[in-house]
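Read through the structure below, which is laid out as structure tokens, and then see the notes.
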Amino acid sequence: MKKIFIILWFCLLTTPVFAWNPGTTGSQFLKLGIGSRPVAMGEAYTAVSDDANGLYWNPAGLREVPNFEISATFMTLFYEVSYTAGALVIPTRNRGNFALGVAYLTTKDTRRNELGQEEGNFTNYDLAITGGYAVKLFERLQVGGSCKLIRSKLEEETASTVTFDCGLLSRIHEYIFAGAVIRHLGPGIKFIDKWDRAPTNLRGGIAFKLPMWKHHLILATDLSAHLDVEPTLSFGGEFKFKFPRAMESKISHLSIRMGYKTGYHLGEWSGFSLGVGTETELKGLGQLVIDVVHFSYGFLGSSERASLTIKF
């Protein structure tokens with residue numbers, strides 16, 4: 001197990017040296033963080049992955065989900081760009097956990113003639129359908145993988161491709177987790193006669209999950225390398241507060257999250273994120289989790305995400 005992690009961390013640390021080549025990948029929507037909780041923690045989620053969001057961050061974490069779980073994320077971006085994503089996890093007792101997800105980005109644009117005159121609007125979109133699976137190999141080691149079927153439309157042209165994710169998650173101590181994942185590995189996508197490589201991403205992370213009486217604290221960090229941007233570091237934390245039993249009929253838990261991701265040079269607060277989450281007990285149904293996050297792009301503005309999750 002140690003050898004596996006040494007190899008993956010070596011790949012993570014050396015990939016930026018020979019692979020960084022700006023502006024060489026397509027399917028850029030795959031880089032947008034899905035799930036309010038991971039984004040609120042600065043995207044330091046590779047080793048935290050323990051819910052439906054793991055389908056997009058580290059599929060090995062799907063094995064951490066004990067019960068059926070369904071989640072949806074809604075986000076607003078710039079220039080009338082909207083992004084919606086969802087995932088569900090189906091756990092089994094002895095055969096690992098299965099997951100299915102859908103992500104859809106859409107935006108409107110204006111068609112112009114050679115003189116610059118408007119000739120109506122058209123819609124561009126990116127669609128990804130994801131299937132994932134995770135299983136426990138050993139007592140402290142889980143592995144997982146996923147496959148994404150991608151279809152993109154740019155004005156009248158469409159293109160399709162497929163990418164794969166493969167991840168590991170290990171509990172190296174009672175309260176310490178380590179994870180590594182390769183995301184978006186594939187042949188790339190072709191529009192007309194031009195190929196763009198897949199936005200392959202190699203990540204590694206460590207998380208400390210510390211119980212504090214009835215409350216819970218998570219501290220995490222990630223190192224991430226893409227083919228076309230400089231490597232980034234992420235730092236994040238979550239404090240989960242459990243309300244007294246008398247209040248549990250309304251809200252049982254309140255989570256406060258903060259994070260920071262390097263790589264943004266667009267103002268004083270760019271790269272910072274702040275989010276909150278609540279858990280409410282649904283009588284006879286399970287739990288309703290609501291998460292929101294505010295992420296700053298500095299001078300460009302900000303992005304908000306909201307997620308709804310039901311845990312049965």
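We count residues from 1, following the sequence as given.
In this model, no donor atom of one side chain and acceptor atom of the other lie less than 3.5 Å apart for Ser170 and Arg140. A donor-acceptor pair shorter than 3.5 Å cannot be found between the side chains of Ser36 and Arg305. A donor-acceptor pair shorter than 3.5 Å can be found between the side chains of Asp126 and Ser152.
Side-chain contact between Lys311 and Asn67: absent, with no pair of heavy atoms (C-beta onward) separated by less than 4.5 Å. With a 4.5 Å cut-off on side-chain heavy atoms, Met41 and Val48 count as touching. Within the 4.5 Å cutoff, side-chain heavy atoms of Tyr56 are placed close to those of Thr130. Contact annotation: the side chain of Phe272 never approaches that of Lys261 to less than 4.5 Å [non-hydrogen atoms, C-beta and beyond].
Under a 4.0 Å N-O distance rule, the pair Arg171/Glu139 does not qualify as a salt bridge. With respect to Asp50 and Arg63, no salt bridge is recorded, no charged nitrogen being found less than 4.0 Å from a carboxylate O.
Closest of all the heavy-atom pairs between Leu169 and Glu64 is CD2-CG, 4.0 Å. Of all the heavy atoms in Asn201 and Ala225, the pair that sits closest is ND2-O, 3.0 Å.
The aromatic rings of Phe29 and Tyr83 stand perpendicular to each other, their planes meeting at an angle above 60°, with 30° marking the opposite boundary. The aromatic rings of Phe243 and Phe241 sit perpendicular, their planes meeting at an angle over 60°, well past the 30° parallel limit.
Just one of His216, Arg257, Lys209 meets the side-chain hydrogen bond (donor to acceptor under 3.5 Å, both in side chains) condition when paired with Glu238; it is Arg257.
Note: Phe235 and Tyr260 fail the aromatic proximity criterion, with ring centroids not under 6.0 Å apart.
Remark: Arg183 is positioned above the aromatic ring of Trp57, its terminal NZ or CZ atom under 6.0 angstrom from the ring centre and at most 45 degrees off the axis.
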